[in-house]
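No experiment lies behind these values; they were computed from the predicted model shown.
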2 protein chains.
Amino acid sequence: MPENFSSLRVEAVDMMRQKGINPTRQRIEIAQAIFVKPQHVSADQVLSLVNKRHHSVSKATVYNTLGLFARKGLVREVIVDPSKVFYDTTTSPHHHFYNIDTGELMDVEIDSLLLAELPVLPEGTVAEAVDVVIKIRNLPAVN
Amino acid sequence: MPENFSSLRVEAVDMMRQKGINPTRQRIEIAQAIFVKPQHVSADQVLSLVNKRHHSVSKATVYNTLGLFARKGLVREVIVDPSKVFYDTTTSPHHHFYNIDTGELMDVEIDSLLLAELPVLPEGTVAEAVDVVIKIRNLPAVN
DNA sequence: CTGTGTGCAAAGCTTTTGCACTACT
DNA sequence: AGTAGTGCAAAAGCTTTGCACACAG
């Protein structure tokens, strides 16, 4: 059975409602594009995905919507490189491998890396998120 | 006694030689600007610092040189926000607090946060760096 | 004279802003 | 009609590229 788009659509709308996001046409299209499966996407990948079917969402709206989704907790912003922001559709706490050579981003199970204790926070602040990025590179082929 | 610029200059040149970087006029000016004290600077802060005395280094060269310094291990790239890259003159392993409200970046002692174990790396790769950024925000004032 | 390395103007990105428009009250 | 929220073209800002120049062999 092929991907059921209408149920994905319903899910996307529900998700947004739960987070207090007004589900407009553009936001629904973006949500449908990214929540097909767990993945890491950049803003312009989303733009192409959405406009594959028919030109219907502007660049600015894609950026603004992804930012909104991130603030509301629907996606997770992962910043790995100057001018390379990824949006991760998996929002449960976890960390990342970033392959410097290939640009590939992979999830790391939260419990395969033990963060034993948080340092004392500066006075008058609260922790919002802890981002761990392990930068890896390919082993040079042995000749 | 005021800051001794000529000895800073010599140190900067030595540093670069040790890392195999050709110490050109522009690179020396940039090094002198950033290694005055341990600090976090962005590319355009460096640009202003360098050109405060007299316009002498272009924007492109500042970007390229900071990238070079980072690759060679003279500074550490810390990426905290889309289009906000900091260069940290402290290169020993440590982590960061990033205050979302103020944009301030602070060092966290390496041993105040225990990374118990590294996860298994993907086949054929080596870890290059582990970046931990703890995003914090100011507590709302209680009324 | 040739080849390698460097610096920078300009090009090419990504992201943000400000305003027109919509959709409620 | 007034108000709050939304989408997008254009502006702004950041980073990279490609080429002219310098310098060493």
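Between the CZ atom of A:R27 and the C1' atom of C:dA23 there is a distance of 13 Å, given to the nearest Å. What separates CZ of B:F69 from C1' of C:dG7 is a distance of 14 Å, to the nearest Å. Rounded to an integer number of Å, the gap from A:E29 CD to D:dG7 P is 11 Å. Rounded to an integer number of Å, the gap from CG of B:L66 to C1' of C:dC8 is 15 Å. The distance from atom CD1 of B:I30 to atom P of C:dT6 is 13 Å, rounded to the nearest whole Å. Atom CD of A:Q26 is separated from atom C1' of D:dG7 by 6 Å (rounded to the nearest Å).
Residues satisfying the salt bridge (charged side-chain N to carboxylate O under 4.0 Å, His left out) criterion with A:D131, sequence neighbours excluded, are B:K135. Applying the ring-ring contact (aromatic ring centres under 6.0 Å, His included) criterion to A:H96, with sequence neighbours excluded, gives A:H40, A:H94. Scanning for salt bridge (charged side-chain N to carboxylate O under 4.0 Å, His left out) contacts around A:E128 gives B:R137, with sequence neighbours left out. Applying the side-chain hydrogen bond (donor to acceptor under 3.5 Å, both in side chains) criterion to A:S48, with sequence neighbours excluded, gives no partner residue. The side-chain hydrogen bond (donor to acceptor under 3.5 Å, both in side chains) search around A:S58 returns A:T61, not counting sequence neighbours.
For residues 60-80 of chain B, no pair satisfies ring-ring contact (aromatic ring centres under 6.0 Å, His included), with sequence neighbours left out. Note on residues 64-81 of chain B: pairs passing side-chain hydrogen bond (donor to acceptor under 3.5 Å, both in side chains), not counting sequence neighbours, are B:E77-B:Y87, B:D81-B:Y98.
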Nucleotides 9-20 of chain C: which of its N/O atoms have a protein N/O under 3.5 Å away?
from   : atom 1 : to    : atom 2 : distance (Å)
C:dT15 : OP2    : A:Y63 : OH     : 2.9

Got a list of protein N/O to nucleotides 22-25 of chain D N/O distances below 3.5 Å?
none

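Contacts with DNA chain C (heavy atom under 4.0 Å) in residues 14-25 of chain B: B:N22, B:T24, listed by number.
Interatomic distance, A:I30 CD1 to A:I34 CD1, rounded to the nearest 0.5 Å: 7.5 Å.
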Name the atoms and distances for all side-chain donor-acceptor pairs under 3.5 Å in residues 13-21 of chain A, with sequence neighbours left out.
none

Next item on the list: Using the side chain to side chain donor-acceptor pair (under 3.5 Å) rule, take B:Q26 and B:S56 through it: C-alpha gap first, then chi angles, then the decisive distance, then the call.
Entry: CA-CA 8 Å; B:Q26 286 88 341; B:S56 44; over 6 Å; no
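The shortest side-chain heavy-atom distance between B:D107 and B:D88 falls under the 4.5 Å cut-off. Counting heavy atoms from C-beta outward, A:N138 and A:N99 have side chains that approach closer than 4.5 Å.
For the residue pair A:S42 and A:D44, a side-chain donor N or O sits within less than 3.5 Å of a side-chain acceptor on the partner.
Pairs of Watson-Crick or G-U wobble type, with distances under 3.5 Å, assemble into runs of 3 or more in DNA chain C at these ranges: C:1-25 with D:1-25.
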